[in-house]
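Worksheet: the structure to be examined is printed underneath.
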Amino acid sequence: MPSCSSIFVAKLFHMNQNTNTNKFIKAWNKLPILFRAVSSGFLVSTIGVAAWSMMLLSIPAPWSVLPMVIVLWIFWKYFSGKWGSKKSTVTRKENFRKTRLNPYVWKWGLAGAVCFVAIIQASFVITFRIIEFPKAQFTADYKMLETMPLWVAWAILIMSAIVAGICEETGYRGYLQTPLEKKYGPLTAIIISSLVFTSIHLTKNWAYPIIPHILFASTLLGILAYKSGSLIPGIIGHSILDIFNYSVWWTGLTGGFKKQTIFKTGMDAHFVIWILIFILSLSIFFKAISRLKRDPSK
């Protein structure tokens with residue numbers, strides 16, 4: 001049986017712990033909302049991405065995929081407010097946005113997600129039919145995938161895309177953008193989240209030729225999150241986009257992009273078709289966004 005003194009010490013330690021936590025929370029809440037939102041968004045995103053990097057370094061591929069599924073499940077449960085401290089449950093639920101969508105939002109949210117993928121892929125194709133595709137620069141970061149057996153590379157590629165979709169959308173369109181929407185409105189919030197999201201990706205070799213594309217993609221994802229009231233359509237679109245990016249642009253797993261510029265080939269059907277895909281996808285995306293705005297369940 002524990003002594004009275006040990007119980008007293010334990011209670012005192014618990015009180016001090018609570019006191020320190022409360023002091024930290026008070027000090028944190030006094031900081032500017034912009035600083036808190038950017039810091040939270042970056043930290044939340046980095047936690048998931050860093051966990052995947054550690055898995056890849058410590059567990060041989062493709063077995064690293066299995067524990068990462070569990071990590072993502074825990075990540076989702078905690079940051080959506082379903083697990084963890086009750087004191088922060090409401091805030092985490094608000095930042096993660098809705099997780100239960102009605103059929104109307106599912107339909108137009110998925111339409112927006114699919115069109116988002118088509119828009120960004122078309123923008124890449126159009127860009128690199130106008131200027132030379134910098135293959136060496138684009139593939140410099142992921143040479144490791146090309147040394148693996150094909151099925152292992154695809155397993156790692158797909159998990160990497162899912163990790164990016166879940167963690168980056170939770171961080172940037174959730175924990176960063178949501179508080180700023182309440183303080184400054186959706187336009188300012190989407191602009192800030194997109195600028196931060198773009199700047200974070202400047203560490204990648206492939207980023208510099210497509211900085212406008214990254215900013216544009218982030219803006220579309222920000223709009224989709226705000227209008228749908230959920231991160232789920234954006235997570236789906238972001239994950240699918242990165243599967244294409246990893247397999248077509250960042251590695252040679254599907255043969256890579258080999259088309260020459262139109263200044264060498266002339267204006268051809270391939271170029272015209274991708275322009276039409278871009279215009280049509282962009283039109284349907286904003287139609288979906290306008291439908292989400294008129295969600296009859298709201």
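In this text the structure is predicted, and so the values were computed from the model without any measurement. What's counted below: heavy atoms across the whole structure, side chains too, no hydrogens, waters or symmetry copies.
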For this session: With Arg173 as the cation and Tyr226 as the aromatic partner, state whether NZ or CZ is under 6.0 Å from the six-membered ring centre and within 45° of the axis.
Result: no
Kindly work out whether a path of hydrophobic side-chain contacts (I/L/V/M/F/W/Y, heavy atoms less than 4.5 Å apart) joins [X] to [Y].
| X | Y | result |
| --- | --- | --- |
| Tyr104 | Ile236 | yes |
| Trp151 | Ile243 | yes |
| Ile70 | Met159 | no |
| Phe244 | Phe257 | yes |
| Ile126 | Ile131 | yes |

Under 3.5 Å, is there a donor-acceptor pair between the [X] and [Y] side chains?
| X | Y | answer |
| --- | --- | --- |
| Arg97 | Thr178 | yes |
| Trp250 | Thr139 | no |
| Ser88 | Arg92 | yes |
| Gln121 | Asn245 | yes |
| Arg129 | Thr265 | yes |

Per side-chain contact (heavy atoms from CB on, under 4.5 Å), Ser247 is matched among Leu157, Asp242, Ile158 by Leu157
Query raised in the report: With under 30° as parallel and over 60° as perpendicular, where do the rings of Phe216 and Phe278 fit, or are they tilted in between?
Result: tilted
Contact check, side chains of [X] and [Y], non-hydrogen atoms, under 4.5 Å:
| X | Y | value |
| --- | --- | --- |
| Trp76 | Val71 | no |
| Lys93 | Lys98 | no |
| Lys227 | Trp108 | no |
| Ile166 | Phe75 | yes |

Tightest non-hydrogen contact, residues Trp28 and Ser39, listed as CH2-CB, 4.0 Å
Heavy atoms of Val152 and Ala61 approach each other most closely as CG1-CB, 3.8 Å
The ring-ring contact (aromatic ring centres under 6.0 Å, His included) partners of Phe124 (sequence neighbours excluded) come to His213, Trp249
message: Tell me if the centroids of the rings in Phe197 and Tyr172 come within less than 6.0 Å of each other.
response: yes
Residue set satisfying side chain to side chain contact (heavy atoms under 4.5 Å, CB included) with Leu66, at least two apart, ordered chain then number -> Trp63
Between the CE atom in Met68 and the CH2 atom in Trp52, the distance rounded to the nearest 0.5 Å is 7.0 Å
One should read off an interatomic distance between Thr188 OG1 and Leu34 CG, to the nearest 0.5 angstrom, of 10.5 Å
Note to self: Using a strict threshold of under 4.0 Å (side-chain N to carboxylate O), is an ion pair present between Glu132 and Lys259?
What the structure shows: no
*Side chain of Asp141, backbone of Lys204: donor and acceptor closer than 3.5 Å?*
no
Review point. In terms of heavy-atom contacts, does NZ of Lys182 have more than 12 from other residues, nucleotides or ligands at under 6.0 Å?
Key: yes
Taking it one step at a time, do Asn102 and Trp106 satisfy side chain to side chain contact (heavy atoms under 4.5 Å, CB included)?
-> CA-CA 6 Å; Asn102 62 50; Trp106 267 116; over 6 Å; no
